[in-house]
Q: 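Dropping a structure here in structure tokens format, bear with me for questions.
Side chains included, hydrogens not; waters and symmetry mates left out as well; all remaining heavy atoms used.
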Amino acid sequence: MSNSKFTAGVISEMEKNYIHRLASKGTRIDGRKFDEIRPLKITKGYVERAEGSALVELGNTKVLVGIKIEPGAPFPDTPNSGILATNAELAPLASPTFEPGPPGEEAVELARVVDRGIREGHAIDLEKLVIEEGENVWVVFVDIHVLDYDGNLFDASGYGALAALANAMVPASKHELGDDFKLPVQHYPVPVTFGKIGDWMVADPNLDEESIASARLTVTTNEEGHINAMQKGLSGTFTYEEVQKVINMSMDIGRKVREIILGDSDGKED
Amino acid sequence: MSNSKFTAGVISEMEKNYIHRLASKGTRIDGRKFDEIRPLKITKGYVERAEGSALVELGNTKVLVGIKIEPGAPFPDTPNSGILATNAELAPLASPTFEPGPPGEEAVELARVVDRGIREGHAIDLEKLVIEEGENVWVVFVDIHVLDYDGNLFDASGYGALAALANAMVPASKHELGDDFKLPVQHYPVPVTFGKIGDWMVADPNLDEESIASARLTVTTNEEGHINAMQKGLSGTFTYEEVQKVINMSMDIGRKVREIILGDSDGKED
Amino acid sequence: MSNSKFTAGVISEMEKNYIHRLASKGTRIDGRKFDEIRPLKITKGYVERAEGSALVELGNTKVLVGIKIEPGAPFPDTPNSGILATNAELAPLASPTFEPGPPGEEAVELARVVDRGIREGHAIDLEKLVIEEGENVWVVFVDIHVLDYDGNLFDASGYGALAALANAMVPASKHELGDDFKLPVQHYPVPVTFGKIGDWMVADPNLDEESIASARLTVTTNEEGHINAMQKGLSGTFTYEEVQKVINMSMDIGRKVREIILGDSDGKED
Amino acid sequence: MGMKSDIKLIDDNGLRIDGRLPNQLRPIKMKVGVLQRADGSAYIEWGGNRIMAAVYGPREAYPKHVQEPDKAIVRARYSMAAFSVDERKRPGPDRRSIELGKVISEALESVIFVEKYPRTSIDVYIEVLQADAGTRVAGITVAALALADAGIPMRDLIVGCAAGKVDGVVVLDLNKEEDNYGEADVPMAILPRTKEIALLQMDGDMTYEELKAAMDMTFEATQSIHKMQIEALKRKYMEVE
Amino acid sequence: MGMKSDIKLIDDNGLRIDGRLPNQLRPIKMKVGVLQRADGSAYIEWGGNRIMAAVYGPREAYPKHVQEPDKAIVRARYSMAAFSVDERKRPGPDRRSIELGKVISEALESVIFVEKYPRTSIDVYIEVLQADAGTRVAGITVAALALADAGIPMRDLIVGCAAGKVDGVVVLDLNKEEDNYGEADVPMAILPRTKEIALLQMDGDMTYEELKAAMDMTFEATQSIHKMQIEALKRKYMEVE
Amino acid sequence: MGMKSDIKLIDDNGLRIDGRLPNQLRPIKMKVGVLQRADGSAYIEWGGNRIMAAVYGPREAYPKHVQEPDKAIVRARYSMAAFSVDERKRPGPDRRSIELGKVISEALESVIFVEKYPRTSIDVYIEVLQADAGTRVAGITVAALALADAGIPMRDLIVGCAAGKVDGVVVLDLNKEEDNYGEADVPMAILPRTKEIALLQMDGDMTYEELKAAMDMTFEATQSIHKMQIEALKRKYMEVE
């Protein structure tokens with residue numbers, strides 16, 4: 001199914017033409033360059049009682065990610081590994097098109113793409129989360145809560161997850177399992193998403209751009225310049241060259257975003 | 001959401017005016033006084049194979065409550081306490097407006113209000129239901145089955161629950177855990193509900209009255225005159241004085257109802 | 001509810017009259033005799049990785065049955081017995097009237113009728129599937145996957161289940177519980193279904209016949225000529241004599257089908 | 001059917017564990033018109049079974065896409081109260097309830113003049129308050145009364161009853177122990193006037209002769225159950241007059 | 001309410017475990033207009049509670065069969081983020097959330113001029129991001145601001161607050177420990193102008209006099225909370241001008 | 001991807017555990033028109049994968065609110081039989097199936113002339129009967145045949161194929177062990193005529209150069225898979241003539 005839940009009725013034919021015309025002149029509806037993301041603000045520790053949390057504001061898109069860490073049984077085929085579980089809620093307060101109820105395919109895709117980025121980029125050293133081999137390990141729940149939807153949830157959620165993980169403590173003492181310790185985060189795989197508008201690739205599309213993009217590509221790269229995950233979306237196509245271009249731009253932007261995520265902002269919104 | 005499932009299309013504008021006019025003359029559509037409940041008949045032991053049961057007829061409203069008691073694991077934070085679990089089914093045979101399917105918000109509220117009355121009034125001495133501390137306790141299931149709906153399910157269900165609990169045996173021998181024993185019931189918190197019609201408060205509203213009431217208040221009091229639970233409903237409001245008046249009347253009516261519940265009627269409907 | 005999901009809009013009034021007229025002349029729309037089933041082809045081992053499997057083609061009806069066998073806890077009341085669990089999926093690829101989603105009442109009835117045939121006919125010697133009494137037994141999952149729907153799913157599914165069971169191995173070595181061994185199948189209870197068209201009983205009704213049948217009767221008999229299960233369906237009725245006639249014909253047809261099921265065809269479709 | 005057990009279900013005098021003869025029914029009591037809101041209702045006690053049935057309709061079928069242009073749809077819902085059985089049953093329909101709802105719907109439809117009420121539904125709710133084997137046939141029997149009480153035109157007053165086999169003996173109307181440890185169960189629903197069979201299921205292990213004996217027994221029993229139905233209806237409508 | 005514990009909730013000086021006097025509120029901060037997409041929104045910090053509310057509507061009610069011909073329907077949805085509580089909460093509504101959504105909807109409807117917008121819905125989403133007891137009354141308080149921000153005409157700016165009993169003392173605005181180990185909780189919602197009661201629940205054990213004392217305390221507190229609401233709205237709309 | 005293991009996936013001769021060269025496909029067999037009821041259907045065996053696809057449509061989209069006024073909607077449903085994998089899978093869609101259904105729908109829509117059939121749906125059902133890694137790309141490949149068999153106008157016959165990295169070597173078309181214990185997987189769907197990329201996912205760890213090598217390998221392989229598609233269609237339609 002197409003992404004109609006995200007964009008239904010958001011934009012008129014006239015606006016659509018206007019955005020295309022701007023693109024042909026090298027600019028965007030909010031004045032950004034093609035490879036420029038919106039202002040990014042990350043507030044770590046927004047929810048003090050969660051084991052880790054971060055509020056991400058990417059332009060007007062607002063996502064809160066909270067981490068809970070609890071002991072649990074390991075999967076039978078990975079007795080020596082902690083568990084990562086990622087969930088996304090498109091809370092209906094975030095958009096008139098989000099409805100209450102169980103997660104739809106958009107929420108499922110969002111959760112899985114964020115999960116793959118963290119998992120395949122080995123962001124967390126899961127082997128350090130074993131309490132007793134084969135019996136008891138730490139389960140890391142990453143819960144993504146979308147609060148205000150103005151496009152590009154993949155990136156906002158991915159940044160929130162990384163920032164929240166980076167700031168999370170394993171609550172060992174609460175369970176009488178020794179001292180609390182910092183969640184072992186070893187890599188920072190950063191997703192960057194591009195929308196294809198006409199023949200142009202624009203970074204971090206906002207809602208208006210997302211509504212008229214023919215295709216979407218998210219590339220997750222880590223601090224070593226390796227690629228950890230990709231996800232193409234929508235019913236348009238990319239050429240080989242376009243994909244290569246997007247990968248390169250994603251790496252560049254990813255580097256800058258990683259610095260912001262690793263920044264020492266820590267505290268509540270004022 | 002409003003209580004539309006309960007009352008949709010039940011009453012015409014003309015009947016509504018008629019009921020208001022009667023109220024202004026101090027009487028009600030079925031001739032009762034404002035603080036008079038409908039005839040109440042309680043048949044204990046209606047379902048012999050349940051651990052306890054009671055059929056309540058409150059006017060034409062008919063509710064069957066059954067108790068099942070089974071061993072189970074205690075909640076981690078209350079290792080020294082049995083468990084109370086209350087469920088309500090608005091069976092579709094009881095009303096043209098009840099539909100098959102999982103419990104709606106009306107059934108959930110009903111179950112939770114009855115549950116709170118029993119729980120907060122400490123009707124059952126849950127500490128006497130521990131089999132092995134932290135390992136095994138008795139779980140008391142209170143299942144409310146609405147059979148015929150003519151208004152005021154809160155009270156009919158609450159009376160049925162109390163009567164069924166009062167008549168319940170813990171089936172210890174069946175589980176090879178010693179002799180059966182009477183469920184330890186120590187308090188009798190009795191709910192009484194009033195509907196607000198115009199500026200009048202009427203006890204035990206029937207379906208017609210419920211349909212036109214602007215607000216509803218249930219007050220649960222015990223044999224010591226203490227208040228254990230309150231629940232206001234519907235989109236109308238009460239003044240402070242009205243609430244006080246309802247509480248006082250509920251205590252009075254509750255005393256009489258408690259006698260009927262504790263009465264020795266025990267046997268099947270003939 | 002009627003069987004509208006299966007047959008909705010399948011057949012016109014004209015076709016209906018035509019089939020009735022044919023029946024009155026002793027024949028059927030595809031030229032078969034009343035007690036003649038469609039060509040039956042069974043391919044055992046179609047899915048090599050399942051513990052057992054069979055693809056059944058009964059005319060144009062196509063059903064794939066797969067068996068998975070895993071260790072699990074026995075039911076408390078049968079500690080000395082393995083477990084049989086049967087499930088049916090009316091996959092939406094099989095018919096324009098099958099919809100994605102949880103099993104509807106047709107799928108539930110299909111699974112339960114196939115399950116009863118196997119269970120009540122004691123096809124599997126479940127007592128030989130105990131690993132450790134009261135602790136661990138083999139659970140036999142029979143999964144029916146309907147691929148192409150041209151009528152009479154009960155029989156096609158039943159034949160597939162028997163053939164797949166007959167060809168299943170218990171994967172003991174995979175779970176370090178000794179050598180693999182053949183699933184102990186001791187009886188072959190074979191279902192045969194008749195549709196009632198006018199006053200005629202036709203064996204193995206195809207979709208067109210099913211759509212106009214007033215009643216349906218499935219009789220499951222074993223190699224000793226005993227009856228193990230019956231299931232009447234649809235809103236028409238049978239006389240006592242009609243039931244007797246159907247039972248007798250079912251036994252006859254069942255004998256022939258049993259030979260095909262026990263045949264040594266084993267391998268993939270070419 | 002067929003759980004292994006050492007229980008002797010038929011004693012040396014040929015009597016059953018509840019003292020009945022092989023062809024003897026359990027005690028049955030029926031009452032018509034037991035609920036106010038429903039368009040029709042009835043209650044039955046049959047052995048340890050306590051079952052209530054209510055009928056709503058004919059009423060506009062909802063949701064609209066289930067409507068049939070030329071007839072009423074008959075929707076029976078069979079459900080068991082959580083406390084109706086030994087071990088508490090989780091509320092909500094399980095697979096058994098779904099199947100029983102389907103076959104009971106089909107059986108009831110066979111007697112209702114559905115073509116009189118196009119685009120409507122006739123909803124039959126069967127609530128098992130206490131279960132003691134044979135609930136589906138008792139449910140059909142009491143549903144027939146509720147349909148009559150609702151004034152639904154029918155070509156016959158349908159009756160349900162079961163027979164089966166325990167300890168090798170063909171017996172009528174199995175109770176819970178016989179159902180659990182017996183060898184076969186044959187629930188049926190009969191149109192008493194024409195003797196048509198509207199519901200027929202069977203599970204277990206029976207020879208052809210045993211099955212015929214069981215069916216014969218049931219046919220005979222349904223005639224006397226039918227008389228009780230008529231009496232119950234008379235009691236209701238005599239009180240009214 | 002009423003879990004057994006050895007925790008002393010009121011110290012020898014009559015102070016509570018967080019140092020408050022019996023009739024003292026926890027710190028409260030409010031902000032109006034915190035979300036872009038919603039028609040109205042607001043945020044509240046109340047003790048350790050962090051709650052966001054958004055309003056959509058009046059908009060055509062969907063599905064159509066819930067529409068009322070003569071008024072708007074008010075649908076409040078109360079939900080808690082998985083990470084808002086000590087032990088992770090499974091996403092999706094539980095029975096508590098369903099009940100709270102219902103009573104909050106009824107309370108909010110009491111102040112909205114619903115008859116102005118027939119066939120529409122006014123959807124209020126209350127998201128508890130961090131929970132610290134009293135979420136339902138804080139949720140109503142912040143929802144009132146979101147409704148005002150959405151320009152929904154109301155006859156009053158509704159305020160929620162709770163009182164209760166801990167260690168035998170009637171206290172205002174219970175925190176988490178007091179809620180867990182105290183003896184009673186009385187959440188209320190008040191129309192500050194007319195002093196009407198739009199939400200009233202209670203659980204625990206209280207005498208009539210204690211209950212009146214608790215209600216009096218709440219009435220007084222709602223007046224000061226109401227002032228904070230007005231301030232929060234002014235801050236938003238002064239910035240705008 | 002990336003479960004720890006001691007399994008050596010590439011031997012000293014550079015061959016893979018199933019004896020293939022790095023750029024070698026597993027054996028593939030395709031058949032068009034395998035089902036009677038569907039408007040179009042096809043079957044593929046690809047290594048140990050056994051997958052059936054059926055197409056229904058264009059038909060009126062249901063429920064109505066999903067209809068698009070100016071085009072058909074393409075709804076692919078990916079599902080795995082309970083017995084298709086080593087440990088029995090619970091029936092019904094899991095999160096993985098839901099995501100795959102979404103990305104496959106989008107990929108298929110890229111080749112279908114959806115604007116020709118407003119207000120309709122084109123439903124594609126992909127049933128994995130046995131799974132052996134690469135099911136999504138095999139599923140797209142067989143779905144293309146089913147769409148062609150249904151006569152749906154398309155601008156190209158889309159082809160799926162994956163490449164990846166195992167033991168540090170870039171390889172084509174991972175099998176189950178390589179998928180479980182390898183380092184990266186890059187499933188793609190290509191329009192063979194224009195070489196456009198309609199599906200692209202990746203997970204694992206790859207350098208930019210490795211990723212390019214994997215994509216190159218896939219591009220080349222899709223050309224030969226495309227020829228097999230054409231052959232399969234010819235076989236069907238030659239038999240017909």
Q: Does the side chain of B/I67 reach to within under 4.5 Å of the side chain of D/F83, using non-hydrogen atoms?
A: no

Q: Please look at D/R77 and chain B and tell me whether the side chain, the backbone, both or neither of the residue comes under 4.5 angstrom of a heavy atom of that chain.
A: side chain

Q: More than 12 non-hydrogen atoms from neighbouring residues, nucleotides or ligands closer than 6.0 Å to NZ on B/K182, yes or no?
A: yes

Q: Return yes if some donor-acceptor pair links the side-chain N/O of D/Y125 with the main-chain N/O of B/A91 below 3.5 Å, else return no.
A: no

Q: Write down the atom of B/V47, the atom of D/L129, and the distance for their closest heavy-atom approach.
A: CG1-O, 3.6 Å

Q: Between chain D and each of B/P96, B/A50, B/S53, B/A94, count heavy-atom pairs under 4.5 Å; write down the option with the most.
A: B/P96

Q: Heavy-atom count around B/K174 NZ within 6.0 Å, excluding the residue itself: above 12?
A: yes

Q: D/P91, D/G92, D/A146, D/S79: which one forms the most heavy-atom pairs within less than 4.5 Å of chain B?
A: D/P91

Q: Is there a side-chain contact between D/V85 and B/R49, using heavy atoms and a 4.5 Å cut-off?
A: no

Q: So, are B/E48 and D/R50 salt-bridged, with charged N and O less than 4.0 Å apart?
A: yes

Q: Atom CG of residue position D/D70 - does it have more than 12 heavy atoms of other residues, nucleotides or ligands inside 6.0 Å?
A: yes

Q: Ignoring hydrogens and geometry, is there a side-chain-to-backbone donor-acceptor pair from B/K68 to D/D86 under 3.5 Å?
A: yes

Q: Can you establish whether the number of heavy atoms outside D/E87 located under 6.0 Å from its atom CD is more than 12?
A: no

Q: Could you tell me which portion of D/V55 (side chain, backbone, both or neither) has an atom closer than 4.5 angstrom to a non-hydrogen atom of chain B?
A: neither

Q: Identify which of B/I69, B/L147, B/V65 forms the greatest number of heavy-atom pairs closer than 4.5 Å to chain D.
A: B/L147

Q: Can you tell me how far the CD atom of D/E127 sits from the CD atom of B/E89, to the nearest 0.5 Å?
A: 8.0 Å

Q: What orientation do D/Y43 and B/Y46 show, parallel under 30°, tilted 30 to 60°, or perpendicular over 60°?
A: tilted

Q: Between CZ of B/F141 and NZ of D/K89, what distance do you get to the nearest 0.5 Å?
A: 13.0 Å

Q: Side chain, backbone, both or neither: which part of D/Q36 has a heavy atom under 4.5 Å from chain B?
A: both

Q: Does a salt bridge link B/D143 with D/R88, judged by any charged N lying under 4.0 Å from a carboxylate O?
A: yes

